[in-house]
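Along the sequence shown, residues carry numbers from 1. All of these numbers come straight from a predicted model, not from anything done at the bench.
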Amino acid sequence: MAEIILAFVQALLLVLLAPLVSGTARWMRAKMHARKGPSILQDYYDIAKLLKRQDVGTAHSSFVFRITPPLFFGCMLVLACGVPMITRFCPVPALGDVITVVYLLALPRFFFALAAVDSSDAYAGIGGVRELIVGVLVEPALMLGLFVAALATGTTNIGEMGVAVGSLQVTSPVGLVIAGIAFAMACYIELGKVPFDMAEAEQEIQEGPLSEYSGPSLAMLKVSLAMKQVIMAAFFVAVFMPFGSAVDCTLPALIAGAAVFAVKLIVVFFICSLVENSMMRVRYKLMGRQTWAVVGVAALGLVFCILGI
C-alpha cells in the first residue's frame, strides 16, 4: 500500500515540478551564455496564460488531434508512477519493466507525429515527420543499451536493475558502463538539446507539431514535454546510477532519496548545458551520422557483455 501511495505522490510532484526543472535548465543555459535569460518560473507563467485561453483546433482535424494531448499526458503520468526516482525499487513493479517503459515512450511519439499530420498544416506535418525520424534513429540505441543492462543484471525490471547495479552484482561491468554511455547519449538526443535540436525554440521544426495547438491543449503538451525530460533523466539514473536512492519506504530514507535525486538531476542538466554550450547546431538530415555512432557504442557494450567483460 505504501508503494502505491508513493507512486501517486511521485507522479503528482512530477506534474508540479517538471516546469520548474525545464525552466531552471533554460535559465542555466542562458547564464552560461552570459545572458539574463528567462525566470526559472517562466514555464509556470506560460502554462497559466495558456489555461486561460480558448482551445482552438483546425477545421479538418480528426479525433487524433484532440486526444493526443491527454494521451501524451496520461502516458507520462503512468511512467511517473512506474519509473524509480527517489527509490531504488519500482513503486509499481508492473509498470517498471523496460519493455513497458519503451512502449509507453513510443506511443505518445507516434500520436504526436500523427496529430501533426492530421492538423493539415504543412509546417506541423514536417515537424511530425521529423519526430518520427528522430525516433527511428534514437530508439535502437535506447533499446540496445537497455538490452545490455538486462543481460548484465539478469532482469528487465528497472528497480531490480538498479538493485543489481547498486550492489555491483553484474556479470559484465565494462559492458554495462559502455551501454550506460550509449544510453546517456541517446537520452541527450531525446531531450532535444544542441547540436541535435533546441527544445525551447518555437521557430524550430521540433516545435512544428505544436503549431496548431492552443489554450489548455498546448499547456498540457508543454507540461508533458517537461515531464518527459525529467523521466528520461530519471530513467538513466535509475538503471545506471542508482546509488543513494532509498531502499525502503521509511520517511527518512525517502527524504534522503529525494535529496539525492534532486542533486542527480542538477548534475545531469548541468552537464547537458555544458555540452550544449560547447557545440554548434547540426542539420537534422545529418543526424543519422551521429545517432548511428551511438548505436555503435551500444553494440560495443553488447559485445563486451557477451564476452562477460
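When side chains are defined from C-beta on, Leu302 counts as touching Leu151, because their heavy atoms get closer than 4.5 Å. Residues Met161 and Val98 have side chains in contact (heavy-atom distance under 4.5 Å, counting atoms from C-beta outward). Between Val297 and Ile178 the shortest side-chain heavy-atom distance falls below 4.5 Å. Looking only at side-chain heavy atoms (C-beta outward), Cys305 and Val148 come within less than 4.5 Å of each other. Residues Trp292 and Val295 are in side-chain contact: their nearest non-hydrogen atoms beyond the backbone lie under 4.5 Å apart.
Residues satisfying the side chain to side chain donor-acceptor pair (under 3.5 Å) test with Gln42, not counting sequence neighbours, are Asp46.
Between Phe183 and Phe235, the two ring planes are perpendicular [angle over 60°; tilted spans 30° to 60°].
From Phe269, atom CZ reaches atom CE of Met28 across 9.0 Å, with rounding to the nearest 0.5 Å.
Sorted by first then second residue, the salt bridge (charged side-chain N to carboxylate O under 4.0 Å, His left out) pairs that include residues 225-247, not counting sequence neighbours, are Glu190-Lys228.
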The test is ring-ring contact (aromatic ring centres under 6.0 Å, His included); show your working for Phe111 and Phe72 and say whether it passes.
CA-CA 8 Å; Phe111 272 89; Phe72 202 143; over 10 Å; no
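Taken together through direct or relayed side-chain contacts under 4.5 Å among Ile, Leu, Val, Met, Phe, Trp and Tyr, Ile231 and Met241 form part of one hydrophobic cluster. Transitive grouping of hydrophobic side chains (ILVMFWY, heavy atoms separated by less than 4.5 Å) brings Tyr45 and Ile40 into a common cluster. Val56 is not connected to Phe65 by any chain of hydrophobic side-chain contacts under 4.5 Å among Ile, Leu, Val, Met, Phe, Trp and Tyr, and they are in different clusters.
Judged purely by distance below 3.5 Å, without hydrogens or angles, the side chains of Thr155 and Asn157 never pair a donor atom with an acceptor atom.
Open room surrounds OH on Tyr103; 12 or fewer heavy atoms of other groups in view lie less than 6.0 Å from it. Residue Phe8 qualifies as open at atom CZ: its count of foreign heavy atoms under 6.0 Å is 12 or below.
Between Gln54 and Ser214 the shortest heavy-atom distance is O-OG, 3.4 Å.
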